[in-house]
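This structure is a prediction, so every number in the text was calculated from the model and none was measured.
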Amino acid sequence: METIAHWTTSIVLVGTSAFLLGMLVRSIVHERRDSGIRRIWRNFGLSLTFAALFLVSWVAQGLAEWSAFVQEQQTHGQAARFSEFWVAFGQSTLENWQSEFLQLFSFVVVSAVLIHHGSSESKDGTERIERSINEIRTMLREAGLPRVGSGSGSGSG
């Protein structure tokens, strides 16, 4: 059972991380090729910074948990085995990821359904823009100017 837990943890943690980093690299390579971008840091600095922060914090979490794991094993008079630590580390990492994905998913769903007036995430932004455009069209019409961009495609008013 321990072997299954070890391999499952390895596949999920390493696989997920490799997939995300691979997609980042693939995206940068395609974007550079398609648009001719040459300056990587200037054009992809945000993604690279967050990827680096993720890796650094994950390594720091691992080191901190390893230290706590070794102390706990010594307290119980047992030797610290990496395979046991890896499963515990995987469990805490996956719990973190699960809560973060749930939080992000909840925010996306709730902000798609509910409105916070004036928030850029809320759907009321489009309604305000359409209302403003209609007010501008009305003022232009009242001023005697021809209709432009009415959306009808004919160009006549």
Side-chain angles (χ1 to χ4, degrees), residues 2-74 79-137 139-140 148-151 153 155:
E2 184 179 316
T3 304
I4 292 171
H6 183 267
W7 281 106
T8 303
T9 301
S10 297
I11 290 169
V12 172
L13 291 182
V14 174
T16 302
S17 301
F19 174 77
L20 292 174
L21 292 173
M23 291 303 292
L24 173 63
V25 169
R26 180 177 178 260
S27 173
I28 290 172
V29 167
H30 284 295
E31 188 67 30
R32 287 185 72 200
R33 184 180 53 227
D34 294 346
S35 63
I37 293 173
R38 296 289 164 238
R39 301 171 92 184
I40 291 177
W41 182 253
R42 180 175 179 213
N43 294 295
F44 304 104
L46 180 64
S47 298
L48 294 171
T49 298
F50 277 115
L53 286 172
F54 165 74
L55 291 174
V56 166
S57 66
W58 200 26
V59 168
Q61 174 192 354
L63 293 173
E65 282 194 32
W66 174 254
S67 176
F69 180 77
V70 168
Q71 278 185 334
E72 184 177 328
Q73 294 301 92
Q74 287 173 347
R81 291 182 27 207
F82 184 77
S83 61
E84 292 174 2
F85 164 73
W86 183 246
V87 172
F89 174 69
Q91 179 184 358
S92 66
T93 297
L94 292 173
E95 286 173 358
N96 264 344
W97 289 358
Q98 181 182 14
S99 69
E100 294 303 319
F101 287 132
L102 178 62
Q103 178 185 1
L104 180 62
F105 178 74
S106 300
F107 178 76
V108 168
V109 170
V110 170
S111 63
V113 174
L114 300 177
I115 294 175
H116 180 95
H117 187 74
S119 169
S120 61
E121 288 85 10
S122 290
K123 58 186 175 186
D124 69 326
T126 306
E127 295 167 359
R128 287 190 326 215
I129 291 171
E130 289 174 4
R131 190 171 43 244
S132 296
I133 289 173
N134 287 335
E135 289 174 7
I136 292 170
R137 284 184 179 150
M139 288 189 296
L140 290 173
V148 177
S150 63

Worksheet item: Can you name the residues that form a salt bridge (Lys or Arg N to Asp or Glu O under 4.0 Å) with E72, not counting sequence neighbours?
Response: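 By the salt bridge (Lys or Arg N to Asp or Glu O under 4.0 Å) rule, E72 matches no residue at all.
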
Worksheet item: Has W7 got more than 12 heavy atoms of other residues, nucleotides or ligands less than 6.0 Å from its CH2?
Response: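 Atom CH2 in W7 is not crowded, with 12 or fewer foreign heavy atoms closer than 6.0 Å.
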
Worksheet item: Less than 6.0 Å separating the ring centroids of F85 and F89?
Response: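 Centroid separation for F85 and F89: below 6.0 Å.
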
Practice prompt. Only counting residues at least two apart or in another chain, list the ones meeting side-chain contact (heavy atoms from CB on, under 4.5 Å) with S47.
Written response: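 Applying side-chain contact (heavy atoms from CB on, under 4.5 Å) to S47 gives L24.
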
Acceptor/donor pairs from residues 26-35 side chains to any protein atom, 3.5 angstrom cut, sequence neighbours excluded:
{"unit_1": "H30", "atom_1": "ND1", "unit_2": "R33", "atom_2": "NH2", "d": "2.4"}
{"unit_1": "R32", "atom_1": "NE", "unit_2": "I37", "atom_2": "O", "d": "3.2"}
{"unit_1": "S35", "atom_1": "OG", "unit_2": "E31", "atom_2": "O", "d": "2.6"}

Discussion item. Can you pull out every ring-ring contact (aromatic ring centres under 6.0 Å, His included) where at least one residue sits in residues 33-55? Sequence neighbours excluded, please.
Written reply: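 Qualifying pairs: F54-W58.
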
From [atom1] ([X]) to [atom2] ([Y]), nearest 0.5 Å:
{"X": "L102", "Y": "F107", "atom1": "CG", "atom2": "CZ", "result": "14.0 Å"}
{"X": "H6", "Y": "I11", "atom1": "NE2", "atom2": "CD1", "result": "10.5 Å"}
{"X": "E95", "Y": "T93", "atom1": "CD", "atom2": "OG1", "result": "9.0 Å"}

Fill in: Listed once per pair and sorted, the side chain to side chain donor-acceptor pair (under 3.5 Å) pairs that draw on residues 9-19, sequence neighbours left out
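Residue pairs passing side chain to side chain donor-acceptor pair (under 3.5 Å), neighbours aside: S10-W86.
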
Fill in: Where S92 and E65 come nearest, the two heavy atoms and their spacing
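Nearest heavy atoms, S92 then E65: OG-OE2, 2.7 Å.
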
Worksheet item: Taking only residues two or more places apart in sequence, or in another chain, which ones meet Q103 in a side chain to side chain donor-acceptor pair (under 3.5 Å)?
Response: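 Applying side chain to side chain donor-acceptor pair (under 3.5 Å) to Q103 gives none.
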
Worksheet item: Mind checking whether R137 and N134 have side chains closer than 4.5 Å, heavy atoms only?
Response: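 Of all side-chain heavy-atom pairs linking N134 with R137, at least one is under 4.5 Å.
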
